[in-house]
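The structure appears below as structure tokens.
The sequence lines fix the lettering, A, B, ..., with proteins before strands; numbering per chain opens at 1.
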Amino acid sequence: FPAQGKPESQSNTDLENAKEYLDKFFPILTKTQSPSLEERIKEMQRFFHLVVTGKLNAETEETMKQPRCGVPDIAD
Amino acid sequence: YRTFPGNPRWKKTHLTYKIVNYTPDLSQKKVDDAIRRAFMVWSDVTPLKFQRVFKGPADIVIQFARGEHGDGYPFDGRGNTLAHAFAPGEGIGGDAHFDEDERWSESNREVNLFLVAAHEFGHSLGLAHSNVRGALMYPLYSYVNPATFRLSEDDRRGIQKLYGRKSS
């Protein structure tokens, strides 16, 4: 039987998807700074008026899955 | 509301648009009508006038496309990204692209073309995304009845900052 996927691998996929979303819609605009994923999630949460935790919680993931416009939310 | 960096905007009030292809999801008449009404959302509150052209260049070129479609910003299949548009400028500037992998509609089923087009044309005219929930320029799609649609105060202030008010 195939081994069951580890919970953390699912979590890694979620984080990868979140990073992809942030790269697309909340791109890093400065070359000098490299904000942490937590900071980037916070930026997204602030924009959408979500509870700002810096964590990839259900509310944040739900927002990331919603149909939307392809133009970044932070204009570059 | 927000505008793009440098506040790009059209330096003229008479703008042309061209529809280069159609989605099979709706009749051509319904697409034409949705696009026309989407432009009216903005021309109702500004001095802007939109004229459709069928040949030659146009300020705002409208197309339906799927996946990679030549602008470096590929669409992603059904769901998620529905459309995108470019800020005012030469060439691709102002152009609006709609993901053909979506199911476009004139109602509350699937994705309403009029609502998405009105949003995208906001970008074509120089508005970036607003973080005001309920504003047309909010980035997430949500259905409202097109028959009773009204531009929010946030959107109106944004577009009038760029182009002024419609003279009475």
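- Per-residue heavy-atom pair counts under 4.5 Å with chain A were compared for Ala85(B), Ala128(B), Ala83(B), and the maximum is reached by Ala83(B).
- Distance check: His84(B) NE2 to Cys69(A) SG gives 8.5 Å after rounding to the nearest 0.5 Å.
- Between Val71(A) and Phe4(B) the shortest side-chain heavy-atom distance falls below 4.5 Å.
- Only the side chain of Tyr138(B) comes within contact range of chain A, judged by heavy atoms closer than 4.5 Å.
- Using a 4.5 Å cut-off between heavy atoms, Glu102(B) does not touch chain A at all.
- More than 12 heavy atoms of other residues, nucleotides or ligands shown are found within 6.0 angstrom of NZ on Lys166(B).
- Hydrophobic clustering keeps Phe121(B) apart from Val61(B) (ILVMFWY residues linked when any side-chain heavy atoms are closer than 4.5 Å, directly or through intermediates).
- To the nearest 0.5 angstrom, Lys65(A) atom NZ is 10.0 Å from Asn80(B) atom CG.
- Heavy-atom neighbours of Lys55(B) NZ from other residues, nucleotides or ligands within 6.0 Å: at or below the threshold of 12.
- For Asp99(B), no part sits under 4.5 Å from any heavy atom of chain A, backbone or side chain.
- With rounding to the nearest 0.5 angstrom, the CZ atom of Arg68(A) is 6.0 Å from the CG atom of Leu140(B).
- Closest heavy-atom contact between Asn131(B) and Phe47(A): CB-O, 3.3 Å.
- Put simply, Leu15(B) and Val45(B) are part of the same group of oily side chains (I, L, V, M, F, W, Y) that touch within less than 4.5 Å, one to the next.
- Residues Thr81(B) and Gly70(A) come closest through the heavy atom pair CG2-CA, 3.4 Å.
- With a 6.0 Å radius and a threshold of 12 heavy atoms from other residues, nucleotides or ligands, Glu20(A) has its CD atom at or below the threshold.
- With a 4.5 angstrom heavy-atom cutoff, Ser142(B) does not touch chain A via any of its atoms.
- Annotation: Arg103(B), atom CZ; neighbour count of heavy atoms from other residues, nucleotides and ligands within 6.0 Å does not exceed 12.
- For the pair Arg2(B) and Ile74(A), the minimum side-chain heavy-atom distance is below 4.5 Å.
- More than 12 non-hydrogen atoms from other residues, nucleotides or ligands lie less than 6.0 angstrom from CZ of Arg46(A).
- The local environment of CD in Glu68(B) is crowded, with over 12 non-hydrogen atoms from other residues, nucleotides or ligands closer than 6.0 Å.
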